[in-house]
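Contents: one structure, followed by commentary.
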Number of protein chains: 2
Amino acid sequence: MNKKQLIAKLSGSLNLSKADAERTFDTITNTILDALKGDDSVKIAGFGTYKVAKRKARVGRNPRTGEQIQIAASQKVKFLPAKALKEVFNK
Amino acid sequence: MNKKQLIAKLSGSLNLSKADAERTFDTITNTILDALKGDDSVKIAGFGTYKVAKRKARVGRNPRTGEQIQIAASQKVKFLPAKALKEVFNK
DNA sequence: ATTGGATATGCAGTATTTGCATATAGAAAC
DNA sequence: GTTTCTATATGCAAATACTGCATATCCAAT
């Protein structure tokens, strides 16, 4: 399912136009992103937690040539599924 | 930031009551979860992809006693941040 | 409808993460 | 205010992520 299909579903469930559904959805993701940019984590009960994970610089390897390369430190968004979410898939 | 705070923000941005903001938010998460339950992945452009990852059974260990235990195969929801999302945090 | 951009895949080897049990502390939900 | 949920911390084995890069595919926006 891609974003367009998701928006179409939401448009129906929420009784909104597709344009409004998309605006609503974007507002939510942007709000989450803003919190993450401020180095805050976002906990959503029953769904999961978004947090920014810092990754240290390390040595990697180009699989094609085999040569070693330095990988810079970076940050990425991690999503940790809530307990309820795991249970859904493991029964 | 927890769910309550997120809902409060959305209530303001979307010009909805907190109850409506929460209903809207829950509708979205449920829609995503339903797709995942159907073993479908959910791609959201500019944000990321949710997918169900199957994890193989393996040998684990009880950290308290040190004894080895068998861990069953399981499934969990994975979130892969979109490229745009990584860039936000690495500049 | 076309096109530009984003993502999936495969590859090799190493670094990182995962997930186990369990209690407690702290936070959040009702 | 009470109850439910989540983070944390522990050691360790095995699964998985990550890197460059080319190709194929797929999506989004024009």
Side-chain angles (χ1 to χ4, degrees), chain A residues 1-9 11 18-19 21-23 25-26 29 35 40-90, chain B residues 1-9 18-19 21-23 25-26 29 35 39-90:
Chain A
M1 177 158 78
N2 60 34
K3 186 176 177 185
K4 186 170 278 182
Q5 294 168 312
L6 176 61
I7 295 298
K9 278 211 177 213
S11 169
K18 283 187 187 172
E22 182 160 13
R23 224 179 334 265
F25 186 78
D26 288 344
T29 56
D40 193 5
S41 62
V42 180
K43 284 187 197 179
I44 297 157
F47 189 65
T49 303
Y50 296 90
K51 57 171 61 175
V52 178
K54 299 178 199 313
R55 314 183 65 79
K56 292 180 186 168
R58 63 199 166 77
V59 176
R61 188 173 289 266
N62 182 335
R64 186 162 296 267
T65 65
E67 77 182 304
Q68 293 202 343
I69 51 179
Q70 183 64 24
I71 301 172
S74 65
Q75 295 189 298
K76 71 171 284 192
V77 176
K78 265 193 70 166
F79 174 73
L80 299 98
K83 188 187 175 191
L85 201 47
K86 294 183 190 173
E87 287 170 357
V88 168
F89 293 97
N90 293 304
Chain B
M1 176 158 77
N2 58 37
K3 186 178 176 184
K4 186 170 279 182
Q5 295 168 312
L6 176 61
I7 295 297
K9 278 211 178 212
K18 283 187 185 169
E22 182 160 13
R23 221 175 340 259
F25 185 78
D26 288 344
T29 56
D39 216 30
D40 194 7
S41 62
V42 180
K43 287 187 195 177
I44 297 156
F47 189 64
T49 303
Y50 296 91
K51 57 170 61 176
V52 178
K54 299 177 198 315
R55 311 187 73 81
K56 291 181 187 170
R58 62 198 171 81
V59 175
R61 189 170 291 264
N62 181 335
R64 187 161 296 268
T65 65
E67 78 182 304
Q68 292 203 342
I69 50 182
Q70 185 63 22
I71 301 172
S74 65
Q75 296 188 296
K76 72 171 284 192
V77 175
K78 264 196 70 169
F79 174 73
L80 300 100
K83 189 185 175 190
L85 201 47
K86 295 183 191 172
E87 286 170 357
V88 168
F89 293 97
N90 295 305

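Each chain gets a letter, A, B and so on, in the order its sequence line appears, and its residues count up from 1.
To the nearest angstrom, P of D/dA17 lies 20 Å from CD of A/Gln75. When the C1' atom of D/dT6 is taken as reference, atom CZ of A/Phe47 falls 16 Å away, rounded to whole Å. The nearest whole Å value for the distance from the CD atom in B/Gln68 to the C1' atom in D/dA14 is 11 Å.
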Close N or O pairs between protein and nucleotides 25-29 of chain D (under 3.5 Å):
none

Using a cut-off of under 3.5 Å, enumerate the N/O to N/O pairs linking the protein to nucleotides 15-25 of chain C.
residue : atom : partner : partner atom : Å
C/dT18  : OP1  : A/Lys78 : NZ           : 3.4
C/dT18  : OP2  : A/Lys78 : NZ           : 3.0
C/dT18  : O3'  : B/Arg55 : NH2          : 3.4
C/dG19  : OP1  : B/Arg55 : NE           : 2.5
C/dG19  : O4'  : B/Arg58 : NH2          : 2.3
C/dC20  : O2   : B/Arg61 : N            : 3.4
C/dC20  : O2   : B/Arg61 : O            : 2.3
C/dA21  : O4'  : B/Asn62 : OD1          : 3.3
C/dA21  : O4'  : B/Asn62 : ND2          : 3.3
C/dT22  : O2   : B/Arg64 : NH2          : 3.4

Produce the list of close N/O pairs, under 3.5 Å, pairing protein atoms with atoms of nucleotides 3-6 of chain C; give distances to one decimal.
none

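Between A/Phe47 and A/Phe79, the two ring planes are tilted [angle within 30° to 60°].
Here the closest heavy-atom approach between residue A/Val42 and residue A/Ala35 is recorded as CG2-CB, 3.6 Å. Closest approach of A/Val77 to B/Pro81, counting heavy atoms only: O-CG, 3.3 Å. When all heavy atoms of B/Ala82 and B/Gly46 are compared, the pair lying nearest together is CB-C, 3.9 Å.
Between the CZ atom of A/Phe25 and the NZ atom of A/Lys18 there is a distance of 15.0 Å, given to the nearest 0.5 Å. Annotation: the span from A/Glu22 atom CD to A/Leu6 atom CG amounts to 10.0 Å, rounded to 0.5 Å. Once rounded to the nearest 0.5 Å, the distance linking CG of B/Leu80 with NZ of B/Lys83 reads 15.5 Å. One distance of note links CG of A/Asp26 with CD1 of A/Ile7; it measures 6.5 Å at 0.5 Å rounding. Interatomic distance, B/Lys78 NZ to A/Lys78 NZ, rounded to the nearest 0.5 Å: 10.0 Å. Once rounded to the nearest 0.5 Å, the distance linking NZ of B/Lys3 with CD1 of A/Ile44 reads 8.0 Å.
Evaluation of the ring-ring contact (aromatic ring centres under 6.0 Å, His included) test over residues 54-76 of chain B, restricted to residues two or more places apart or in two chains, returns none. Pairs engaging residues 53-63 of chain B under the side-chain hydrogen bond (donor to acceptor under 3.5 Å, both in side chains) rule: none recorded [sequence neighbours left out].
Close to D/dA7, at under 4.0 Å from its OP1 or OP2, lies a side-chain N or O of A/Thr49.
In the helix from C/dA1-D/dT30 to C/dC30-D/dG1, the terminal helix axes, each the rotation mapping four pairs' C1' atoms onto the next four within five end pairs, subtend 150°, rounded to 10°.
One N or O on the side chain of B/Gln5 and one on the backbone of B/Asn2 form a donor-acceptor pair closer than 3.5 Å.
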